[in-house]
J.: 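Mind looking over this structure? Questions follow.
None of the values given here were measured: they were computed from a predicted structure.
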Amino acid sequence: MENKIEISTNAISKRIYTLRGVQVMLDTDLAKIYEVETKRLKEAVRRNIKRFPSDFMFEPSREEFENLETSSESHTNVRSQIASIRLDAKFQPYMPFVFTESGITMLSCVLHSPRAIQVNIEIMRAFVQLRKQPKVQQLDWVPKFESVESEIKMLRQKFNQFETQSKDEKPHDPISKIQNIVARHWGLKVEDLKSATRTKAISLPRQIAIYLIRTQMQISFAEIGSHFGQRDHTIIMHAYRKIDAKRGTNKVTQEKLNFLNAEIQRHDQSVTELK
């Protein structure tokens with residue numbers, strides 16, 4: 001288990017670097033702050049890649065990564081930290097995701113972490129603090145984002161939307177729980193799964209949700225259909241059999257099922273711990 005980064009303005013400011021004339025944070029540091037695995041953080045970004053244009057998130061070249069800078073390199077432990085990162089860069093098969101201030105705000109919206117608000121406010125404060133330092137004020141760059149106050153307001157709106165969506169999930173309704181977990185995984189709404197839309201972007205998540213409900217609960221196809229826009233049991237049966245056939249032949253489908261089953265187990269465990 002990696003050491004966690006302290007959630008304070010000073011601690012976070014030491015993890016803010018300068019690349020391409022803007023201040024950024026690395027995916028590994030953000031993962032520690034949000035208390036998620038780095039690969040999970042990257043998965044969330046890839047699922048929502050349209051939310052992360054190049055001025056929100058980018059992958060540096062190896063040369064850029066090896067020449068990483070901070071505004072606090074005069075600090076002894078920060079110099080050591082930078083040296084360690086530059087050494088690691090030589091052995092990194094892939095470059096990290098690098099997030100600007102706007103990207104970090106967007107990141108907290110797609111992670112759905114209970115820590116999102118607390119963590120993001122401290123990160124915003126750290127960026128503001130660094131901008132007040134003379135060295136940072138001399139940087140020849142213009143931020144491509146709104147004011148910090150507007151960013152936090154947007155973040156709160158996103159968090160409230162997620163909170164409302166979570167309330168729609170009945171805590172004792174396992175069907176609703178699975179539908180919500182699958183919908184969030186693909187960046188959809190439960191209503192999309194229940195709709196008549198048959199595009200691949202919605203039909204595949206719908207079929208997987210049907211498969212998971214059937215395997216986890218062993219209820220009839222007719223009953224499952226009543227939770228998916230009153231679909232006929234033959235349609236539900238076809239969706240189940242389609243995913244069941246793919247499960248043994250399609251590696252991507254199997255990985256999706258494994259991941260979602262783990263998400264369901266984590267959800268059940270967290271609910272149990274709260275009781």
J.: Where is the tightest heavy-atom contact between V24 and F127, given as atom of each residue plus distance?
T.: N-CE2, 4.5 Å

J.: Could you go step by step and tell me if I224 and M217 meet the side chain to side chain contact (heavy atoms under 4.5 Å, CB included) rule?
T.: CA-CA 10 Å; I224 296 174; M217 302 180 60; over 6 Å; no

J.: Tell me the closest heavy-atom pair linking P96 and L26, and the distance in Å.
T.: CG-CD2, 4.4 Å

J.: Under a 4.5 Å cut-off applied to non-hydrogen side-chain atoms, are L257 and T215 in contact?
T.: no

J.: Is it the case that more than 12 heavy atoms not belonging to K42 sit under 6.0 Å from its NZ atom?
T.: yes

J.: If I compare all heavy atoms of L193 with all of I202, which pair ends up nearest, and what's the gap?
T.: CD2-O, 4.3 Å

J.: Can Y240 and F221 be said to form a ring-ring contact (aromatic ring centres under 6.0 Å, His included), step by step?
T.: CA-CA 9 Å; Y240 170 83; F221 292 120; 5.7 Å; yes

J.: If every non-hydrogen atom of V190 is compared with every non-hydrogen atom of A183, which pair is closest and at what distance?
T.: N-CB, 3.9 Å

J.: Of all heavy-atom pairs between A196 and R231, which one has the smallest distance, and what is that distance?
T.: CA-NH2, 3.8 Å

J.: From M106 CE over to F99 CZ, what is the distance, rounded to the nearest 0.5 angstrom?
T.: 11.5 Å

J.: Distance from E59 atom CD to S54 atom OG, nearest 0.5 Å?
T.: 12.0 Å

J.: Taking atom CG of L30 and atom CD1 of I12, what is their separation to the nearest 0.5 Å?
T.: 9.0 Å

J.: Do Y17 and Q23 pass the side chain to side chain contact (heavy atoms under 4.5 Å, CB included) test, and can you show the C-alpha distance, the side-chain angles, and the key distance before you say yes or no?
T.: CA-CA 5 Å; Y17 309 102; Q23 292 174 303; over 6 Å; no

J.: Would you say the side-chain atoms of R47 pair up with the backbone N or O of R184, donor to acceptor, closer than 3.5 Å?
T.: no

J.: Strictly distance-based, threshold 3.5 Å: is any side-chain N or O of T100 a donor or acceptor partner for the main-chain N or O of F56?
T.: yes

J.: Do H238 and Q207 come close enough that some side-chain heavy atom pair is under 4.5 Å?
T.: no

J.: As an exercise, state the distance from CG of N180 to NZ of K189, rounded to the nearest 0.5 Å.
T.: 12.5 Å

J.: Flag the pair I236 / D232 as yes when at least one side-chain heavy-atom distance between them is below 4.5 Å, and no otherwise.
T.: no

J.: Is there a side-chain contact between Q216 and I264 in this structure, where contact means two heavy atoms from C-beta onward sitting under 4.5 Å apart?
T.: yes

J.: Take K256 and L204 through the side chain to side chain contact (heavy atoms under 4.5 Å, CB included) test and state the conclusion after the steps.
T.: CA-CA 11 Å; K256 289 286 185 186; L204 178 60; over 6 Å; no

J.: Keeping the roles fixed (side chain from E223, backbone from I219), state whether a donor-acceptor pair exists under 3.5 Å.
T.: no

J.: So, taking the atom named CD1 in I175 and the one named NE2 in H227, what distance separates them when rounded to the nearest 0.5 Å?
T.: 3.5 Å

J.: In terms of side-chain heavy atoms, does N261 have a donor or acceptor partner in Q265 at a distance below 3.5 Å?
T.: no

J.: Does a side-chain heavy-atom distance below 4.5 Å link F58 with R20?
T.: yes

J.: Does D55 reach the side chain of S102, with side-chain heavy atoms less than 4.5 Å apart?
T.: no

J.: Evaluate the ring planes of F259 and H185, with Trp represented by its six-membered ring, and classify them as parallel (under 30°), tilted (30 to 60°) or perpendicular (over 60°).
T.: tilted

J.: Looking at every heavy atom in both R51 and V110, which two are closest together, and how far apart are they?
T.: CD-CG1, 3.7 Å

J.: Quick one, W186 and I208 - any side-chain contact, counting heavy atoms below 4.5 Å?
T.: yes

J.: Taking 4.0 angstrom as the limit, do D244 and R241 come out as a salt bridge?
T.: no

J.: Does a salt bridge link E43 with R40, judged by any charged N lying under 4.0 Å from a carboxylate O?
T.: yes

J.: How many angstroms lie between CD in Q179 and CG in L188, if you round to the nearest 0.5 Å?
T.: 12.0 Å

